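Some notes on the structure that comes next.
This one's a predicted model, so the numbers in the text were calculated from it and none came from an experiment.
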Amino acid sequence: MYYRIFISHSWSYSKQYDRIEEFLRQEYVPYYNHSIPKDDPVHSKSDKALYEAIEAKIKGCSCVIILAGVYASYSRWINIEIEIAQKYKKPIIAVEYWGAERTSKVVKDAATTIVKWQAKSIADAIRTYA
């Protein structure tokens, strides 16, 4: 069984996005990546077109993974991703960094589950909720 996963990310934090993908490979989680890739972003000058692209990706996924770093509290697009995930009743897996002193209350409040920055924890959450 393949999981359809949308990994929320900011291009400014692409290393964390890459690490999540590495965790999934490490834990043998077969998945289709529904995220908008860095090397093929949505080329639009319109927020509406970007919203629609994100909505199309999330609508077809099994779960949404959001890093619960404090930057998420200030990201307009993460709030929109949460809204879309909730609209389509997609489970939200919030991932907290080890030792993070500050995390996003917005993400944690919306999360179906909150896991630590660890391959097994993330894989187990996908297998449970997706």
Side-chain angles (χ1 to χ4, degrees):
M1 172 183 171
Y2 276 80
Y3 298 96
R4 297 182 174 278
I5 300 172
F6 181 91
I7 305 169
S8 177
H9 59 284
S10 162
W11 303 137
S12 303
Y13 295 89
S14 63
K15 286 181 183 176
Q16 288 86 345
Y17 170 84
D18 294 340
R19 187 75 172 128
I20 293 285
E21 286 193 309
E22 185 180 311
F23 284 161
L24 298 180
R25 287 188 298 274
Q26 178 183 330
E27 290 294 318
Y28 307 106
V29 176
Y31 72 101
Y32 294 111
N33 191 335
H34 278 247
S35 307
I36 296 174
K38 184 176 184 175
D39 57 348
D40 188 21
V42 175
H43 296 288
S44 173
K45 296 183 170 124
S46 141
D47 281 356
K48 182 176 188 273
L50 183 54
Y51 180 97
E52 289 170 353
I54 291 170
E55 182 175 34
K57 295 284 192 173
I58 291 175
K59 184 177 180 179
C61 75
S62 308
C63 68
V64 175
I65 297 175
I66 303 177
L67 303 178
V70 74
Y71 82 91
S73 297
Y74 305 105
S75 170
R76 179 174 70 122
W77 286 108
I78 286 184
N79 289 324
I80 290 168
E81 291 165 355
I82 289 169
E83 172 191 311
I84 294 169
Q86 290 173 333
K87 175 181 175 180
Y88 291 102
K89 299 184 181 353
K90 303 298 179 178
I92 297 172
I93 299 169
V95 181
E96 286 187 313
Y97 296 110
W98 286 110
E101 293 179 20
R102 297 176 55 202
T103 58
S104 172
K105 181 171 174 18
V106 170
V107 173
K108 289 176 15 180
D109 286 350
T112 306
T113 188
I114 302 167
V115 299
K116 294 295 183 189
W117 184 254
Q118 178 181 359
K120 184 172 179 356
S121 297
I122 296 167
D124 288 348
I126 292 168
R127 290 182 180 116
T128 300
Y129 297 100

Practice task
Determine yes or no for a side-chain-to-main-chain donor-acceptor pair under 3.5 angstrom, with Ser104 supplying the side chain and Ala68 the backbone.
Solution key: no
Handout entry: Hphob cluster co-occupancy, Tyr88 + Ile54, side-chain heavy atoms under 4.5 angstrom
Key = yes
Practice task
To the nearest 0.5 Å, tell me how far Glu81 CD sits from Tyr51 OH.
Solution key: 11.0 Å
Handout entry: Intermediate values then yes/no, side chain to side chain contact (heavy atoms under 4.5 Å, CB included), Trp77 and Leu50
Key = CA-CA 9 Å; Trp77 286 108; Leu50 183 54; 3.4 Å; yes
Problem - Donor-acceptor contact present, side-chain Lys116 to main-chain Ser121, <3.5 Å - result: no
Fill in the blank from the handout: When rounded to the nearest 0.5 Å, the distance separating SG of Cys63 from NZ of Lys90 is 9.5 Å
Exercise for the section: Evaluate the criterion salt bridge (Lys or Arg N to Asp or Glu O under 4.0 Å) for residue pair Glu83 and Lys87; output intermediate values, then yes/no. Expected result: CA-CA 6 Å; Glu83 172 191 311; Lys87 175 181 175 180; over 6 Å; no
Practice task
Locate the shortest heavy-atom distance separating Tyr129 from Pro91; write the atom from each residue and the value.
Solution key: O-CG, 3.1 Å
Problem - Nearest atoms (heavy-atom pairs only) where Val29 meets Arg127 - result: CG2-NH2, 3.6 Å
Exercise for the section: Report the C-alpha distance between Ile5 and Ile126 in whole Å, list the side-chain angles of each, state the deciding distance to 0.1 Å, and finish with yes or no for side chain to side chain contact (heavy atoms under 4.5 Å, CB included). Expected result: CA-CA 9 Å; Ile5 300 172; Ile126 292 168; 3.6 Å; yes
Handout entry: Residue pair Phe6 / Ser35: nearest heavy atoms and the distance that separates them
Key = C-OG, 3.7 Å
Exercise for the section: Please round to the nearest 0.5 Å and tell me the distance separating atom CZ of Arg4 and atom CD1 of Ile58. Expected result: 15.0 Å
Exercise for the section: Verify side chain to side chain contact (heavy atoms under 4.5 Å, CB included) between Lys48 and Glu52, making sure each step is shown before the conclusion. Expected result: CA-CA 6 Å; Lys48 182 176 188 273; Glu52 289 170 353; 2.8 Å; yes
Practice task
State whether Arg25 and Glu22 are salt-bridged, where the test is any N-O pair (Lys NZ or Arg NE/NH1/NH2 against Asp/Glu carboxylate O) under 4.0 Å.
Solution key: no
Exercise for the section: Look at the side-chain heavy atoms of Ile, Leu, Val, Met, Phe, Trp and Tyr, link any pair under 4.5 Å apart, and say whether Met1 and Ile93 land in one connected group. Expected result: yes
Completion exercise
Separation between CD1 (Ile122) and CD (Glu27), nearest 0.5 Å, reads 9.0 Å
Handout entry: Joint cluster assignment, Val106 & Ile66, ILVMFWY side-chain distance < 4.5 Å
Key = yes
Problem - Ile20 with Tyr97, same ILVMFWY side-chain cluster at under 4.5 Å - result: yes
Handout entry: CD1-CG distance between Ile7 and Leu67, expressed to the nearest 0.5 angstrom
Key = 8.5 Å
Practice task
Assign the ring pair Trp117 / Phe23 to parallel, tilted or perpendicular, where the plane angle (0 to 90°) is split at 30° and 60°.
Solution key: perpendicular
Handout entry: Least distance between heavy atoms, Gln26 atom then Ala119 atom
Key = NE2-CB, 3.8 Å
Practice task
Quick one: pull up CD1 in Ile65 and CD in Glu21 and give me the separation to the nearest 0.5 Å.
Solution key: 9.5 Å
Problem - Pair Ile80-Asp47, side chain to side chain contact (heavy atoms under 4.5 Å, CB included): steps then yes or no - result: CA-CA 11 Å; Ile80 290 168; Asp47 281 356; over 6 Å; no
